[in-house]
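Worksheet: one structure, shown below.
Predicted model, so just to flag it, every value in this text is computed and none were measured.
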Amino acid sequence: MRTSTIALLAGLVVSGLAAQDVSAGVKTPPGFANTHAKALAQAKKDNKPLYLHFTTDWCGWCRRIEEDVYANAKGKEALAAFVPASLDCTNNAPGSKANQALMEKYGGSGYPFIVILAPDGAVLESWAGYRPLERFVPTLEKAQKKFDTYNAFLEKTKSADPKDLGFQIEAMDVYVAMQQWDKADIAARKVIELDKDRTHFGKAKLTQLRVAREKKNFQAVTNLTAEVRKLDPDNAKQLLEIALGEQVEAIMLQANNKNNETQYKKALAILVERTKLANLSDPKQATVDIASLQMSCGKYREAWTTLEKWLADNPDSPDADRTRELIDKLKQAEAKQQKR
């Protein structure tokens with residue numbers, strides 16, 4: 001399952017409690033292209049990553065990042081290694097439908113949404129919401145390092161032996177990291193074909209499972225989860241816990257973000273099963289994932305109850321204070337929900 005954290009949960013709850021400022025009129029920041037096509041052509045010419053800023057005319061936090069970060073000397077310096085574009089998603093704005101479709105392609109939700117891409121579409125970084133300068137600059141530095149590593153790998157592919165198991169394992173990992181799902185699937189199939197002693201078989205199956213979930217092939221997700229269960233029934237290799245998390249993600253995607261009680265109960269049952277597995281890589285995270293599911297479905301009372309149970313068992317945890325703060329925010333969200 002995608003990593004959930006106490007901090008992420010708190011941020012989501014807070015965003016649900018507070019409305020953002022509204023500002024009219026989208027102006028393209030200096031140095032930014034105003035279409036994806038222009039930015040992509042320049043990125044390919046210069047072999048630079050694209051920095052895509054999805055925005056609207058009513059997004060207050062978009063104006064904040066434009067003023068605080070893009071106009072700042074350090075922000076400009078960080079962006080110099082990229083080809084930036086500001087893409088207006090305001091309904092009825094020129095090009096808005098294409099921009100909205102592009103944002104949806106990369107999993108965008110909420111504004112501003114930022115995605116940093118290699119010229120071939122490989123995803124280097126993405127996030128939603130305002131990011132202050134002290135976090136913005138390190139994120140761009142991280143993206144640049146990933147881009148350099150990716151370029152080195154692409155160069156390696158020119159002379160690599162496609163029958164080399166080690167190369168295919170590396171390719172599988174790189175393509176997953178870059179969200180190149182078709183290429184990741186091909187590499188996983190090669191690993192399964194070349195891995196005669198099945199040492200990396202489970203990892204390849206998990207890669208296929210991740211690809212199936214990302215491509216919303218829900219039947220394949222079910223089938224591959226069953227295969228992983230057979231490979232690691234007792235979670236001795238920590239494969240089953242990952243597979244179950246991916247299955248939950250797929251179930252909620254299949255529910256199409258609607259409040260589907262049947263799908264919710266199915267996902268919750270799987271997450272509860274996962275908490276009972278032996279050899280869990282992070283027992284606390286397994287509990288937090290349950291709370292995250294409950295919260296995302298608007299079940300704030302159930303979410304804080306889950307966290308209170310964890311807190312009772314772990315009162316001296318370094319995360320105890322932050323967990324208490326989150327529980328308080330969940331109670332506020334519940335109270336607000338009841339007033340509607």
Side-chain angles (χ1 to χ4, degrees), residues 2-3 26 28-56 59 61-62 65-66 69-70 75-89 95-131 135-158 170-187 207 210-211 213-216:
R2 291 172 184 162
T3 302
V26 172
T28 304
F32 279 61
N34 61 2
T35 70
H36 174 246
K38 290 178 184 178
L40 180 59
Q42 192 66 46
K44 288 181 176 179
K45 179 182 177 181
D46 298 342
N47 192 30
K48 286 184 174 182
L50 293 91
Y51 177 96
L52 303 183
H53 164 86
F54 294 91
T55 183
T56 67
C59 171
W61 286 116
C62 297
I65 197 170
E66 289 164 2
V69 178
Y70 301 162
K76 291 179 180 178
E77 182 180 356
L79 281 167
F82 301 80
V83 177
S86 179
L87 305 180
D88 191 353
C89 294
S96 62
K97 289 185 178 180
N99 292 338
Q100 290 169 4
L102 186 64
M103 178 174 163
E104 183 178 351
K105 175 183 177 181
Y106 291 109
S109 177
Y111 298 96
F113 176 69
I114 311 297
V115 61
I116 303 176
L117 307 170
D120 67 357
V123 178
L124 302 169
E125 289 289 335
S126 66
W127 73 88
Y130 174 78
R131 187 157 291 191
R135 292 177 58 207
F136 178 82
V137 172
T139 301
L140 264 61
E141 290 174 346
K142 179 183 175 183
Q144 182 62 52
K145 289 179 181 177
K146 287 179 71 174
F147 182 59
D148 293 341
T149 300
Y150 184 53
N151 276 338
F153 170 76
L154 292 179
E155 189 65 30
K156 184 177 182 178
T157 63
K158 296 177 182 178
E170 180 183 2
M172 185 172 67
D173 291 341
V174 168
Y175 289 134
V176 167
M178 299 293 146
Q179 299 182 30
Q180 300 282 280
W181 305 120
D182 289 337
K183 293 179 180 179
D185 188 51
I186 292 170
T207 296
R210 173 75 183 276
V211 170
R213 191 258 291 168
E214 291 287 347
K215 299 181 78 171
K216 300 182 180 180

Smallest heavy-atom separation, V69 atom then F136 atom, equals CG1-CD2, 3.3 Å
Residues in salt bridge (Lys or Arg N to Asp or Glu O under 4.0 Å) with D46, at least two apart? none
Closest non-hydrogen contact found for T28 with S86 is CG2-CB, 4.3 Å
With sequence neighbours excluded, what pairs up with F153 under the ring pair (Phe, Tyr, Trp, His ring centres under 6.0 Å) test? F167, Y175
If a pair satisfies salt bridge (charged side-chain N to carboxylate O under 4.0 Å, His left out) and one of its residues is in residues 171-184, list it, with sequence neighbours excluded. D173-K203, D182-K215
I'd like to know if the side chain of N99 reaches the main chain of D88, judged simply by a donor and an acceptor atom lying under 3.5 Å from each other, with no hydrogens or angles considered. yes
Close side-chain approach of Y51 to L124, heavy-atom, < 4.5 Å: no
Please find the pair of heavy atoms, one from Q100 and one from C89, that lie closest to each other, and give the distance. NE2-O, 2.7 Å
Applying salt bridge (Lys or Arg N to Asp or Glu O under 4.0 Å), can you list everything that pairs with K156, at least two apart in sequence or on another chain? E170
Contacts of Q179 meeting side-chain contact (heavy atoms from CB on, under 4.5 Å) (sequence neighbours excluded), chain-then-number -> V123, W181
Taking the inter-plane angle between the rings of F32 and H53 on a 0 to 90° scale, is it parallel (under 30°), tilted (30 to 60°) or perpendicular (over 60°)? perpendicular
T139: which of E125, R131, Q144 passes side-chain hydrogen bond (donor to acceptor under 3.5 Å, both in side chains): R131
Charged N-O contact under 4.0 Å between K145 and E141: no
What pairs of donor and acceptor atoms, side-chain ones from residues 102-121 against any protein atom, are under 3.5 angstrom apart with sequence neighbours left out?
{"unit_1": "D120", "atom_1": "OD1", "unit_2": "A122", "atom_2": "N", "d": "3.1"}
{"unit_1": "D120", "atom_1": "OD2", "unit_2": "Y150", "atom_2": "OH", "d": "2.6"}

Check ring pair (Phe, Tyr, Trp, His ring centres under 6.0 Å) between H36 and all other residues, then give those that pass, not counting sequence neighbours. none
Using only atom types and a distance under 3.5 Å, with no angle test, would you say the side chain of K48 pairs donor to acceptor with the backbone of V83? no
Residue list, side-chain contact (heavy atoms from CB on, under 4.5 Å) with K97, at least two apart or on another chain: none
Sequence neighbours excluded, which residues qualify as side-chain hydrogen bond (donor to acceptor under 3.5 Å, both in side chains) partners of T157? none
List the residues meeting salt bridge (Lys or Arg N to Asp or Glu O under 4.0 Å) with K45, not counting sequence neighbours, and say none if there are none. none
Using the side-chain contact (heavy atoms from CB on, under 4.5 Å) criterion, which residues pair with K38? Sequence neighbours excluded. A33, N34, T35
For D185, what residues pass the salt bridge (Lys or Arg N to Asp or Glu O under 4.0 Å) criterion, not counting sequence neighbours? R189
Can you name the closest pair of heavy atoms from L79 and P84 and give their distance? CD2-CB, 4.5 Å
Do N151 and E155 get their side chains close enough for a donor-acceptor pair, meaning under 3.5 Å? no
